[in-house]
Amino acid sequence: MTDTLTASSLGSFARGRRVLVTSALPYANGHIHLGHLVEYIQTDIWVRFQRMRGARVLYVCADDTHGTSIMIRARQEGRSEQELIAAMSAAHQRDFTGFQIAFDHYGSTNSERNREYCAQIWGALRSADFVVEREVTQLFDPTAGVFLADRFVKGRCPRCDTPDQYGDSCDHCGSTYSPTELKDPVSTLSGARPELKSAHHLFVKIEKLRGFLTEWTQEPGRLQPEIANYLKGHFLADELRDWDVSRPAPYFGFEIPDSPGNYWYVWFDAPIGYLAATSEWCDANGEAFDAWWRSTDTEIYHFIGKDIVYFHTLFWPAMLHVAGFPLPKRVQAHGFLTVNGEKMSKSKGTFVLASTYLEHLDPAHLRYFYASKLGPKVDDLDLNLEELAVKVNADLVGKVVNLASRTARFVKESGLSQEYPEDGGLFREAAASGIAIAEAYEACDFARAMRLIMGLADRANEYIDREEPWKLKKQPSSAAALRDVCTVALNLYWQLVTYLAPVLPKLAEQSEKLLGGSLASFAAAEQPLLGTPVAEFEHLMQRVDSKKVEAVMAATRDAATDAAASAVGVSAPSPTSAPVLNQPFEDDGEALAGEPLAPECSFDDFAKIDLRVARVLTAVVIPEANKLLRLTVSLGGEATREIIAGIKSAYAPEALVGRLVVVVANLAPRKMKFGVSQGMVIAAGPGAAEIYILAPDSGAKPGQRVH
RNA sequence: GCCGAAGUAGCUCAGUUGGUUAGAGCACGCGCUUCAUAAGCGCGUUGUCCCCGGUUCAAGUCCGGGCUUCGGCACCA
């Protein structure tokens with residue numbers, strides 16, 4: 001009956017194909033959350049799919065462990081970096097396992113093997129004359145004890161003398177310069193006067209490879225078209241700047257062997273972690289590294305987020321190319337996750353950690369939901385929790401699992417028929433659909449694959465309804481017919497579970513127990529199961545309970561609150577404290593953590609800043625700008641100022657006119673694209689819709705100073 | 001302003017190389033069924049396929065122009 005398809009054609013389509021797959025390395029500075037999981041679930045599904053088609057797949061990942069923030073966090077927590085990253089790696093791996101993400105090997109960038117590969121690639125860059133060493137005289141903040149990047153230094157423009165300019169270029173005259181040329185430089189970190197300090201810096205002259213990279217990135221199928229386009233128009237159109245790959249001590253990372261006191265920048269050693277992880281796996285499994293990474297027979301795939309595209313499409317291929325490694329066949333980027341249409345937020349309970357989710361909900365639900373949403377494009381993906389419940393309940397429970405649920409019990413005694421019954425071509429058609437489904441998986445168009453599968457599920461349910469097995473059951477004379485109908489239904493179910501197995505490995509496993517076959521290969525969808533026993537039916541999947549969804553969000557909010565409490569050292573309230581808050585606040589530590597306190601300043605320092613109450617007289621949008629409003633404010637009497645403020649996204653002009661605000665009145669005028677701004681309106685918030693202007697209580701008058 | 005993507009039923013989306021009365025799921029209404037996890041099946045309602053113009057025997061699909069939305073960049077001290 002399935003003779004139109006050669007047996008196991010789907011399952012062996014990729015036999016002999018050797019595929020090396022990576023997900024981006026999660027940073028050891030934080031726990032895995034639902035946003036990370038988009039990538040790992042996407043990759044894991046793709047890997048499982050490739051295996052089911054007969055490819056030999058190696059899936060590796062590792063923790064990304066280096067950098068300043070790890071160093072500082074370890075200090076704050078009073079433990080070594082090694083302790084910190086070991087604990088975080090264990091937590092990461094626990095979370096991944098919980099979501100059935102199955103790496104072949106999970107390494108760390110802080111491994112000896114990684115250091116070796118870093119040295120190897122570094123050596124190749126050196127000998128191919130890609131490294132420029134420059135004795136750079138850099139500004140150093142003696143208070144904070146760190147070298148200052150350009151934008152952490154301000155001063156007067158060396159060309160036109162305009163004050164308050166950043167270390168790289170002047171907004172007034174447009175000239176560019178080195179921060180050391182700034183007059184009267186100030187560190188924006190501590191306010192200290194930076195010292196000149198000589199530092200050895202190492203750069204990779206990536207411009208030498210612009211032709212090669214252009215060709216490589218524009219190769220069809222290499223990158224998603226929108227990304228190839230973007231690179232072509234933005235980076236590759238101009239001369240590529242030398243890439244600064246070193247950081248001076250102190251830095252948690254690998255010291256550069258031929259440049260003592262300098263460390264490889266975290267983004268240098270992070271992708272090399274792919275090599276190290278592969279190598280470690282090879283050692284542990286008696287495989288030859290060269291067969292995986294040095295062989296042109298191996299197809300290398302990187303799954304990444306859109307934020308790190310240029311590391312993986314410019315620097316990384318450049319490094320591999322120079323060091324003589326084959327390059328990735330494809331770099332697949334995905335968008336960011338939003339929850340209920342917004343950025344994830346701890347206070348709203350949508351910044352959900354993987355571990356929190358797992359305490360309440362089934363990982364399979366998230367895997368299916370992501371699969372149903374993930375296409376080949378770089379679009380952001382929205383996790384609407386209501387939609388998740390509806391989709392999972394309707395598709396997986398109502399359609400797919402229901403097929404087994406409504407027929408398996410009827411054949412518990414008899415098992416499946418010996419011969420495949422007439423089914424009107426349903427099985428054959430579903431087997432043939434495997435090609436389109438496989439193509440969709442291959443192209444990372446999981447949403448399409450899910451749609452195709454659900455279409456098949458609809459047809460199977462219609463079949464059961466037509467055949468009415470429950471009626472056959474009531475007539476002992478129809479026993480054979482009953483068994484035939486259930487055989488068809490369960491085989492159609494079997495096909496669906498085959499196709500869904502990359503997404504729902506646990507369901508596949510349970511189904512193997514129920515029906516006794518093997519779902520290791522897509523070939524399972526081509527040959528019906530016949531004459532086999534059927535096990536006692538057990539529920540294969542629970543519905544999504546919206547109470548549990550709410551519990552996840554509540555737990556997320558609670559965790560944020562607890563973190564805030566411990567962050568500010570709140571202990572039990574003192575019995576003598578007078579006014580008691582009878583209403584609990586849910587102020588989390590998100591904001592403070594995101595922007596730590598600035599170094600202490602003296603009263604004199606503070607007094608330099610002249611804050612004044614002002615009244616907004618006029619406010620108009622600047623149409624050409626995306627974020628700016630042009631305000632006229634009064635400081636009382638005739639004194640007015642024009643201020644350009646980046647608050648358009650949060651305030652309509654008419655909502656501002658007439659109200660009192662606080663302005664920095666003695667801020668040096670700043671020439672901007674749309675005019676000169678004579679001051680600054682004080683506001684809080686992360687930006688976009690969340691900008692909150694400070695207002696004095698009623699009674700304050702324009703012109704009054706804020707002390 | 002620049003670059004990119006997208007605009008199809010109340011919602012989420014599908015519509016392959018232009019080809020018959022534009023589809024699915026959810027929601028809604030009516031009916032059937034009761035094997036199944038308040039699951040399933042049938043029938044039905046809802047559309048200026050963003051707008052204008054062009055090519056064509058034929059445009060949701062191709063071309064030109066415009067509008068809107070969302071990303072990214074610039075601008076935000």
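Both backbone and side-chain heavy atoms feed into the values below; hydrogens, waters and symmetry mates do not. Quick note on labels: first sequence line is chain A, next is B, and so on, each numbered from 1.
In this structure, rC73(B) and rG1(B) make a Watson-Crick or G-U wobble pair, each of the two defining distances being under 3.5 angstrom. In a base pair of the Watson-Crick type (N1 to N3 plus N6-O4 or O6-N4) or a G-U wobble (N1-O2 and O6-N3), with each distance short of 3.5 Å, rC26(B) is matched with rG10(B). rC49(B) is unpaired under the criterion used here, namely a Watson-Crick or G-U wobble arrangement in which both key atom distances are under 3.5 Å. With a cut-off of 3.5 Å on both pairing distances, rU37(B) has no Watson-Crick or G-U wobble partner at all. rU61(B) is unpaired under the criterion used here, namely a Watson-Crick or G-U wobble arrangement in which both key atom distances are under 3.5 Å.
Rounded to whole Å, the distance from CG on N461(A) to C1' on rA24(B) is 15 Å. At whole-Å resolution of the value, NZ in K474(A) and C1' in rU33(B) are 10 Å apart. In this structure, the CE atom of M454(A) is 13 Å from the P atom of rG25(B), given to the nearest Å. The distance between atom CD of E226(A) and atom P of rC3(B), rounded to the nearest whole Å, is 17 Å. Rounded to whole Å, atom P of rU37(B) lies 7 Å from atom CZ of F537(A). Rounding to whole angstrom units, CZ of residue R406(A) and P of rC41(B) are separated by 7 Å. Regarding Y463(A), its OH atom lies at a distance of 19 Å from the C1' atom of rA39(B), rounded to whole Å. Rounded to an integer number of Å, the gap from L396(A) CG to rG25(B) P is 16 Å.
For the C1' atoms, the distance linking rG10(B) with rC28(B) amounts to 9 Å, nearest Å. Remark: the separation of the P atoms in rU37(B) and rG29(B) is 25 Å, to the nearest Å. Nucleotides rG19(B) and rA59(B) are separated by 10 Å at their C1' atoms, to the nearest Å. Here the separation of rA24(B) from rA14(B), taken at their C1' atoms, is 7 Å to the nearest Å. Taking atom P in both rG4(B) and rG66(B), one finds a spacing of 14 Å when rounded to whole Å. Nucleotides rU48(B) and rU8(B) have their C1' atoms positioned 12 Å apart, rounded to a whole Å. Using C1' as the reference atom, rU55(B) and rC2(B) are 31 Å apart when rounded to the nearest Å. Nucleotides rC30(B) and rU69(B) place their C1' atoms 38 Å apart, quoted to the nearest Å.
Between R222(A) and R330(A) the shortest side-chain heavy-atom distance does not fall below 4.5 Å.
Contacts between residues 373-395 of chain A and RNA chain B, defined by a heavy-atom separation under 4.0 Å, are made by K373(A), K377(A), E387(A), V390(A).
At the heavy-atom level, F336(A) lies nowhere under 4.0 Å from the strands shown. Counting non-hydrogen atoms under 4.0 angstrom, M541(A) reaches a base of the nucleic acid. Using a 4.0 Å heavy-atom cutoff across all strands shown, R409(A) reaches sugar-phosphate atoms only and no base atom. Contacts of R543(A) with the nucleic acid, taken as non-hydrogen atoms under 4.0 Å apart, include base atoms. Across all strands, V401(A) comes closer than 4.0 Å to base atoms (heavy-atom distances).
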* Criterion salt bridge (Lys or Arg N to Asp or Glu O under 4.0 Å) on D545(A) and R543(A), from CA distance to verdict -> CA-CA 6 Å; D545(A) 181 347; R543(A) 313 175 68 79; over 6 Å; no
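Here F311(A) and W316(A) keep their ring centres 6.0 angstrom or further from each other. F303(A) has its ring centre no less than 6.0 Å from the ring centre of H334(A).
Counting only distance, with no hydrogens or angles, the side chain of T532(A) and the backbone of L529(A) share no donor-acceptor pair below 3.5 Å.
Residue R448(A) places no side-chain N or O under 4.0 Å from the OP1 or OP2 atom of rC13(B).
Comparing E462(A) and L540(A), the nucleotide of RNA chain B nearest to each residue sits closer to the 5' end for L540(A). Nearer the 5' end of RNA chain B, as judged by each residue's closest nucleotide, is the contact made by D445(A), out of D445(A) and Y230(A).
Under the 30°/60° scheme for interplanar angles, the aromatic rings of W267(A) and H312(A) are found to stand perpendicular.
You'll find that the side chain of H539(A) is closest to rU37(B), out of rG15(B), rU34(B), rU37(B). Minimum atom distance to the side chain of M680(A) is reached by rA77(B), of the listed rG15(B), rA77(B), rG4(B). Comparing rC13(B), rG71(B), rG25(B) against the side chain of K306(A) picks out rG71(B) as the nearest. Checking rG4(B), rG25(B), rG15(B) against the side-chain heavy atoms of K399(A) singles out rG25(B) as nearest. The nucleotide whose nearest atom lies closest to any side-chain atom of N402(A) is, among rC75(B), rU37(B), rA39(B), rA39(B).
Looking at D484(A) and S417(A), their side chains do bring a donor and an acceptor atom within 3.5 Å of each other. Using modelled atom types and a 3.5 Å distance limit, the side chains of Y499(A) and S433(A) yield no donor-acceptor pair.
Sorted by first and then second residue, the side chain to side chain donor-acceptor pair (under 3.5 Å) pairs with a member in residues 386-396 of chain A read Y368(A)-D395(A), K373(A)-E387(A); sequence neighbours excluded.
Judged by the 6.0 Å distance and 45° axis criteria, K306(A) is positioned over the aromatic ring of F336(A).
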